[in-house]
Structures are given as C-alpha cells and as structure tokens.
Amino acid sequence: MLILAIETSCDETAVAVVKDGRQVLSNVVLSQVEVHAVFGGVVPEIASRRHVEAIAGLTVEALRKAGIDKSELDAVAVTVAPGLIGALLAGLSFAKAYAFGLGIPLIPVHHHMGHIAANYIAFPELAPPFCCLIVSGGHTIFADVPSYDKAEVLGQSRDDAAGEAFDKIARSLGLPYPGGKELDKLACQADPHAPSLSFPRPKFDDAPLDVSFSGLKTAVINFLHNQNQKGKTVDLPLLSRSLHEAIIDMLVPRALEAAKSRGRKALAVAGGVAANSHLRAAFAKRAEEEGMSLYLPPLWLCGDNAAMIGCAGFYAFQNGVVADLSQNAQAVAPLS
Ligand code: KG4
Ligand code: ZN
C-alpha cells in the first residue's frame with residue numbers, strides 16, 4: 001500500500017511517500033526555522049502561509065524522489081491534530097483536495113501517534129505493546145501503546161513541555177531559536193568536575209508520572225537575572241548541564257516507571273527532544289541497568305516529519321480509520 005503523507009502541524013512542511021507502513025520511499029522536510037528565528041519563536045500566521053506556498057511543490061518532489069506517479073497512490077494520510085490550527089488546516093485542505101482528486105481514501109492522523117510510529121520505521125522488530133515517552137516542543141507525555149492504533153496517557157506535563165523549557169531558557173540566554181539543540185551543544189562543554197547548580201525537580205503525590213517544567217524554567221531564568229544583577233558572570237555550559245540534569249531526572253525514571261507499571265519490556269522515546277544527546281545517553285544507561293529494551297529513533301525521525309505520519313496512517317487505515325471531506329483540524333486533541 002502506497003501512502004502519501006502530509007505533516008504541517010507546526011513549522012515544518014513535510015511530505016513523504018511510505019510503502020506498507022514502514023518503508024520510506026521519500027521524505028522531504030522544508031523547515032521554516034530561519035523565518036521564525038528572527039522572532040524568537042514560531043509565528044502561527046507566517047507558518048500557515050509558508051505551508052500553503054510550499055506544500056504543492058514538496059508533494060511533487062516527494063513523488064519524484066519516491067519514483068512513483070500520483071496515480072499509483074492508495075491513500076493520503078495527514079496530521080489533523082494537535083498543532084497550530086492554521087498550519088494544520090493548510091496541510092489538511094491540501095490533503096483533502098489531493099485525495100478527492102485521485103478518488104482515494106483520506107486518513108486522519110494524530111501527530112503524537114505519528115511520533116510514536118517513527119519508532120516502527122527505525123526498528124523493524126518493534127511492535128506493540130510498549131511504553132513511549134513523547135517529548136517535543138509542545139508536549140511531554142508518558143504513554144502506554146497497547147496496539148498500533150491506541151495510546152493511553154499515563155502521565156504528562158502539567159504546564160510547559162520539555163522542549164518549550166529548553167527553547168525559552170535558550171532565548172533568555174540569547175541563543176538562536178530553536179534553543180534545545182544549542183543548549184545540548186553548550187552542556188557538552190561543561191567542566192565535568194564542576195559541581196552542578198541546583199534547580200527544582202517538582203513531584204506530584206497524586207500523580208507520580210506527571211511532570212512540570214514551568215518552575216524549572218523560571219528558576220533558571222531568575223538565577224540568570226540574579227547573577228547579572230550582582231555583576232557575576234554565569235558559567236553557561238555548567239548552567240546548561242545542570243538544566244539537563246534536572247530535565248533528565250524528571251523524565252528518565254518516570255519513563256521507566258511508566259513501562260514497569262504496565263509490565264512492558266520495551267520503552268521507546270519520540271519527538272524533537274529525543275534528539276538530545278544527554279537525554280539519549282541517560283536513557284541508554286538507565287535502560288541497560290533496568291534490563292529494559294530501549295528504542296531511540298535516529299535524529300531524522302525525532303523532529304517533525306511526514307514519514308512518521310505515513311506509518312501511523314497505515315496502521316490507522318488497517319484499523320478502519322478514514323475521513324470524509326468534513327474532517328476538521330483540532331489545535332488541542334487528547335492522545336488517549
Ligand atoms: O517534535 P518537534 O520537531 O516539534 C513538535 O512537535 O513540537 O520538537 C521540536 C522541539 C523544540 O523544542 C526543539 O528545541 C527541540 O525539539 N529539540 C531539542 C534538540 N533538538 C530539537 N531539544 C533538546 N536537544 C536537542 N538536541
Ligand atoms: Zn512533533
């Protein structure tokens with residue numbers, strides 16, 4: 001089955017051709033990062049317009065790279081939620097028209113089911129059940145994945161996502177957007193012998209798998225202001241390493257706990273922040289200690305892409321999910 005997949009939930013216009021769920025024939029991603037960097041974050045209206053401008057050309061390119069004609073396509077899969085509403089609508093409207101024009105099914109895909117499915121592309125042996133930490137710019141979710149078409153939220157961030165905390169702290173340090181990658185590099189330069197700075201790691205007694213990053217973000221930004229007011233220079237690599245330690249302490253034990261709570265033997269990580277080198281190393285170490293099989297997708301499958309939407313769309317279609325032309329997009333949509 002050949003699926004044309006479209007992803008426009010945020011600031012990447014992405015189109016892919018995926019065969020039988022896991023074979024990526026082409027995957028093109030046009031990042032708008034440079035356009036938004038001058039504003040220090042994504043400007044939704046600009047994102048929508050850029051998607052509209054880029055989507056048709058990228059689709060032609062994706063088909064050409066895959067070496068197929070559009071008449072060979074069996075379905076169109078598209079991200080319908082969650083995300084920036086205008087951005088989602090740009091991709092959805094195009095996907096509807098394309099599917100209607102070709103007379104083939106339209107498959108609606110939840111963005112986070114896509115992030116989870118990135119692991120199916122990377123690891124042919126991976127099959128549900130397993131647990132997955134989805135950690136991106138917009139969400140931090142500990143999910144159980146009992147089957148290809150289902151996911152259950154076991155815990156999540158009550159406020160900012162981990163990626164959002166990285167990006168906002170990076171912005172206050174004057175680092176370019178998106179700041180997660182820059183902070184990752186900065187932390188690598190920290191003196192391994194320097195004692196870490198102490199930042200909060202909140203816990204919720206009523207929901208041990210929930211996390212919160214807003215207090216951490218404020219603590220780091222307040223620390224920076226205080227040091228500046230005192231005329232002290234801040235050891236930025238050390239600050240970044242300490243920030244990473246706090247985020248890792250909040251994510252890694254909970255992800256393992258989530259998997260153990262459901263008796264799962266495998267744990268996957270997904271989303272843009274899954275590209276973080278320190279988080280990956282911490283997961284590798286802890287998973288080995290705990291005897292948990294760990295799945296960390298390659299970097300090209302961590303950030304937003306359409307290949308993962310094609311894969312999730314394939315499994316959704318297998319389970320009878322199709323949309324008609326009344327399909328709408330949703331800015332907020334629970335995963336469970
Ligand atoms: O999954 P994604 O591409 O888009 C969303 O669905 O949000 O994730 C983007 C997020 C941004 O916050 C970005 O700073 C973060 O992923 N990110 C990283 C790294 N690479 C991207 N965060 C930490 N370390 C990285 N190496
Ligand atoms: Zn994403």
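Small disclaimer: the values here were computed from a predicted structure and weren't measured. Numbering of ligands and ligand atoms starts at 1, following listing order.
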Q: Measure the CG-CG distance between Asp167 and Leu175 for me, rounded to the nearest 0.5 Å.
A: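 Answer for the CG-CG pair, Asp167 versus Leu175, is 10.5 Å.
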Q: Protein N, O or S atoms less than 2.8 Å from the Zn ion (ligand 2), ignoring waters?
A: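 Result, waters dropped: His111 NE2, His115 NE2, Asp304 OD1.
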Q: Do Phe199 and His244 have ring centroids that are under 6.0 Å from one another?
A: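 No: the rings miss the under 6.0 Å criterion.
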Q: Contact residues of ligand 1 with a heavy-atom cut-off of under 4.0 Å?
A: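 For ligand 1, the contacting residues are His111, His115, Ser136, Gly137, Gly138, Gly163, Phe166, Asp167, Pro178, Gly180, Lys181, Asp184, Gly271, Gly272, Val273, Ala275, Asn276, Gly303, Asp304.
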Q: Of the options Arg262, Lys260, Lys150, which is the one that meets Asp144 in a salt bridge (charged side-chain N to carboxylate O under 4.0 Å, His left out)?
A: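 Exactly one candidate clears the test, Arg262.
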Q: Specify whether His115 and His112 have parallel, tilted or perpendicular ring planes, treating 30° as the upper limit for parallel and 60° as the lower limit for perpendicular.
A: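 Correct class here is parallel.
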Q: For residues Glu125 and Ser293, determine if any side-chain heavy atom of one lies less than 4.5 Å from a side-chain heavy atom of the other.
A: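 Of all side-chain heavy-atom pairs linking Ser293 with Glu125, none is under 4.5 Å.
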Q: Are Glu7 and Asn305 packed together at the side-chain level, in the sense that at least one heavy-atom pair is separated by less than 4.5 angstrom?
A: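 Contact flag for Glu7/Asn305 side chains = no.
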Q: Examine the side chains of Ser214 and Asp160 and answer whether a donor and an acceptor come within less than 3.5 Å of each other.
A: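 Side-chain D/A pair, Ser214 to Asp160: absent.
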Q: Taking atom types as modelled, find out whether His278 and Glu245 have a side-chain donor-acceptor pair closer than 3.5 angstrom.
A: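 Glu245 and His278 do not have a side-chain donor-acceptor pair below 3.5 Å.
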Q: Backbone N or O of Tyr120 within a donor-acceptor pair of the Arg22 side chain at under 3.5 Å?
A: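 Side chain of Arg22 to backbone of Tyr120, a donor-acceptor pair under 3.5 Å: yes, one is there.
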